[in-house]
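Working notes, structure below.
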Amino acid sequence: MEYSRTELLPGIFLTHLRSDKFKTACISLNLLTQLSRESASMNALIPYVLRRGTTRYGDMEALSRRMDELYGTAIEPVVRRIGEIQCIGFYGSVPEEGYLPSGEKLLPQAISLMAEMLLAPNTRGGLLLPAYVDSEKEKLLERIRSRINDKRGYSLSRCIEEMCCFEDFAVSRLGSEEEAENINYKKLSRHYRSLLQTCPVELFYCGRTPFKKVCAAFKDALSAMPRGEIDYELGTDIRMNAIEDKPRYLEEKLDVGQGKLVIGFRLGECMEEPNIAAIHVFNAVYGSGSTSKLFMNVREKLSLCYYASSIAYIHKGLLLVASGIEFDKFEAARDEIFSQLEAVKNGGISDEELNSAKRCVASDLRSLTDSQGELEGFYLSQTLDGLDYGPMELAELVEEVTKEDIVSIANSVECDMIYFLRGLDREEASEEEREDGQA
């Protein structure tokens, strides 16, 4: 793969990967903005409203017909949170021209359509259509409310919300139900216009078309984008230490049959000059893989949980351990999770554990090259971190990680939050059933 990057227009950057590996080309367009409680829901709503129709293709049916004319080109909204930066826009898949019978030049047309969705939405009097805004707002509210249905994901997000309660990372990529309910078409229209003028834009392409031709297509499509004072001061506040001397504890109750224990750590001083490869391997040694200490000991050997795994949020400098447990095994599971971290801190890592972790991480990184979607997400994250090496280069760095690197990171880690989601007792469950019946 050939990697190229350039600034096409003021504040509009293109990452280009030249590859003959795929039968489709991948394109994406992301507006970057600082994550905040006040605007996250509006930001999340905008690409879905824009996808409803443009000035030329007034509704989703007309847009779908146009994409069918482009041999099944697909363009869909995306909303992401990377650290404390919210990324909103579109992701597209375009058939490679060499596989089409006509040899038609599809890419410029697909890029033009994506830009039209962004810059020329269906409006009335310069405002986004109320019907489109209200309809998509209800869908957004449903997505926000439905997070409680996935108890594993819900418990992770609740731990983050409480641990980072004084930080923007506590905000969901979709924002909050309260903020979403207050959105109206006038307010959203003003905010949309402001984003066009101030947001840096990240474009991505992966496919067979040469760099210069992709540059020309995007530049032509976005040349009319209104630009004002662009906000380049985007970033993530990485806090090294826990807020209090002792880990904070929060227990919540819901009608669940399995407890959810989530322990939140700060990665600490290792984030001053982070060794990304070593953090990935540390995470694999401790808890992210099937040969990790959490899996082999807390789950397999001691049977203290149904699952136990760690997740590293490197952009924010956090490590979360998530586990599903019986309610009465809370203390035993909690203590063993800490015990396994202490083992890593003390250098209790066998050669087999270290080599297995490195093989797993390196293999996962190399497999990213088999998916354009994974590559797009990887390079967007790299851009926000100011890094320019690809997954193959990172895999090579992973293979050079030493046991001493892992021990150093482990000793930097500091617990900040313990969250436990437990079930209701019989009396509470009966009362909830009565309230549901009355409702």
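Quick caveat, the model's predicted, so the values are computed rather than measured.
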query: When you look at CD of Glu342, are more than 12 heavy atoms from neighbouring residues, nucleotides or ligands closer to it than 6.0 Å?
result: yes
Contact check, side chains of Glu2 and Phe211, non-hydrogen atoms, under 4.5 Å: no
NZ (Lys139) with more than 12 external heavy atoms under 6.0 Å: yes
query: With sequence neighbours left out, what residues match Ser176 under side chain to side chain contact (heavy atoms under 4.5 Å, CB included)?
result: Glu178, Glu179
query: Taking all non-hydrogen atoms of both residues, which atom of Leu63 and which atom of Met117 are closest, and how far apart?
result: CD2-CE, 3.9 Å
Basic-acidic side-chain contact under 4.0 Å: Lys403, Asp351: no
- prompt: Okay, side chain of Lys137, backbone of Ile183: is any donor-acceptor separation there less than 3.5 Å?
  reply: yes
message: Quick check: do Thr73 and Gln109 have side-chain heavy atoms less than 4.5 Å from each other?
response: no
message: Between Tyr57 (side chain only) and Ser64 (backbone N and O only), is there a donor and an acceptor less than 3.5 Å apart?
response: no
Check against side chain to side chain contact (heavy atoms under 4.5 Å, CB included), Leu222 and Ile111: CA-CA 9 Å; Leu222 295 171; Ile111 289 175; over 6 Å; no
Heavy-atom side-chain contact between Leu50 and Pro77 under 4.5 Å: no
message: By the definition side chain to side chain contact (heavy atoms under 4.5 Å, CB included), identify the one residue from Asn30, Val79, Leu29 that meets it with Pro47.
response: Val79
Val285 and Val281, any side-chain heavy atoms less than 4.5 Å apart: yes
query: Using the benzene-type ring in the case of Trp, are the ring centres of Tyr249 and Phe330 under 6.0 Å apart?
result: yes
query: What is the minimum heavy-atom distance between Ile230 and Pro10, and which atoms define it?
result: CD1-O, 3.4 Å
query: Looking at Glu252 and Lys151, does any basic side-chain N land under 4.0 Å from a carboxylate oxygen?
result: no
- request: Rounded to the nearest 0.5 Å, what's the gap from OG on Ser28 to CG on Leu375? Could you check?
  value: 11.5 Å
- request: Apply the side chain to side chain donor-acceptor pair (under 3.5 Å) test between Asp416 and each candidate in Arg239, Arg248, Lys246; give the one that qualifies.
  value: Arg248
- prompt: Does Ser135 offer a backbone N or O that forms a donor-acceptor pair with the side chain of Glu138 under 3.5 Å?
  reply: no
message: Is the shortest side-chain heavy-atom distance between Met271 and Ile279 below 4.5 Å?
response: yes
- request: Consider only side-chain N and O atoms of Ser310 and Asn283, and report whether a donor and an acceptor are under 3.5 Å apart.
  value: yes
- line: OG1 (Thr383) and CD (Glu202) are apart, to the nearest 0.5 Å, by 4.5 Å
Flag side-chain contact, heavy atom, 4.5 Å: Thr33 against Ile88: no
- prompt: What are the two closest heavy atoms between Ala308 and Leu294, and how far apart are they?
  reply: O-CB, 4.1 Å
- request: Could you tell me whether the side chain of Val78 reaches within less than 4.5 Å of the side chain of Cys87, counting heavy atoms only?
  value: no
- request: Using a strict cut-off of less than 4.0 Å between a Lys/Arg side-chain nitrogen and an Asp/Glu carboxylate oxygen, indicate whether Arg66 and Glu69 qualify as a salt bridge.
  value: yes
query: Are the side chain of Lys316 and the backbone of Asp237 linked by a donor-acceptor contact shorter than 3.5 Å?
result: yes
message: Determine whether a donor-acceptor pair (N or O, by modelled atom type, separation under 3.5 Å) exists between the side chain of Arg37 and the backbone of Ala170.
response: no
message: Show, in sequence, the C-alpha distance, side-chain angles and deciding distance for Ser350 and Glu352, and conclude whether the side chain to side chain contact (heavy atoms under 4.5 Å, CB included) test is met.
response: CA-CA 5 Å; Ser350 68; Glu352 182 181 355; 3.9 Å; yes
Expected output: side-chain His280 to main-chain Ala312 donor-acceptor under 3.5 Å: no
task: Heavy atoms only: give me the nearest Ala221-Leu119 pair and the separation to one decimal.
output: O-CD1, 4.0 Å
Minimum heavy-atom distance between Glu84 and Asp168, given as atom pair plus value: OE2-N, 3.6 Å
message: Is the terminal nitrogen or CZ of Arg51 (NZ for Lys, CZ for Arg) located under 6.0 angstrom from the six-membered ring centre of Tyr132 and within 45° of that ring's axis?
response: no
message: For the CZ atom of Phe204 and the CG atom of Leu380, what is their distance to the nearest 0.5 Å?
response: 9.5 Å
- prompt: How long is the gap from NZ on Lys329 to CG on Leu261, to the nearest 0.5 Å?
  reply: 13.5 Å
message: What I want to find out is whether Lys253 reaches Asp255 closely enough, with some N-O distance under 4.0 Å, to be called a salt bridge.
response: no
task: Evaluate the criterion side chain to side chain contact (heavy atoms under 4.5 Å, CB included) for residue pair Thr6 and Cys215; output intermediate values, then yes/no.
output: CA-CA 9 Å; Thr6 189; Cys215 286; 4.0 Å; yes
message: Assess whether a salt bridge exists between Arg145 and Glu181, defined as any Lys/Arg side-chain N lying under 4.0 Å from an Asp/Glu carboxylate O.
response: yes
message: Is it the case that over 12 heavy atoms from other parts of the model lie below 6.0 angstrom from the NZ atom of Lys345?
response: yes
task: Indicate whether the side chain of Arg147 and that of Ser172 have a donor and an acceptor atom separated by less than 3.5 Å.
output: no
message: Hydrogens and angles aside, do Asp364 and Ser367 bring a side-chain donor and acceptor to less than 3.5 Å of each other?
response: no
Verdict with supporting geometry, Val201 and Arg227, side chain to side chain contact (heavy atoms under 4.5 Å, CB included): CA-CA 11 Å; Val201 179; Arg227 304 300 268 164; 4.1 Å; yes
task: Measure centre to centre between the rings of Tyr205 and Phe218, then say whether the value is under 6.0 Å.
output: no
Tyr286 and Phe265 aromatic ring geometry - parallel, tilted or perpendicular at 30°/60° bounds: perpendicular
- request: Output yes when a side-chain donor or acceptor of Ser155 lies under 3.5 Å from a complementary backbone atom of Arg152, and no otherwise.
  value: yes
field: Expected output: side-chain Ser356 to main-chain Glu353 donor-acceptor under 3.5 Å
entry: no
message: As an exercise, state the distance from CD of Glu161 to OH of Tyr419, rounded to the nearest 0.5 Å.
response: 9.0 Å
- request: Go through the steps to decide whether Asp405 and Ser408 satisfy the test side chain to side chain donor-acceptor pair (under 3.5 Å), and finish with yes or no.
  value: CA-CA 5 Å; Asp405 294 330; Ser408 175; over 6 Å; no
field: Side chain to side chain, Phe13 and Arg5, heavy atoms closer than 4.5 Å
entry: yes
task: Answer yes when Glu336 and Arg299 have at least one side-chain N-carboxylate O distance shorter than 4.0 Å, and no when they do not.
output: no
- prompt: Where is the tightest heavy-atom contact between Met114 and Gly92, given as atom of each residue plus distance?
  reply: CE-N, 3.8 Å
- request: Inspect the contact between Glu376 and Arg80 and indicate whether a charged nitrogen and a carboxylate oxygen are less than 4.0 angstrom apart.
  value: yes
field: Within 6.0 angstrom of Lys213 NZ, more than 12 heavy atoms from elsewhere
entry: no
query: Are any of the side-chain nitrogens in Glu167 or Arg266 under 4.0 Å away from the carboxylate oxygens of its partner?
result: yes
query: So how far is it from Leu195 CG to Met42 CE, rounded to the nearest 0.5 Å?
result: 8.0 Å
message: Donor-acceptor pair, distance only, cut-off 3.5 Å: does the side chain of Ser223 make one with the backbone of Asp220?
response: yes
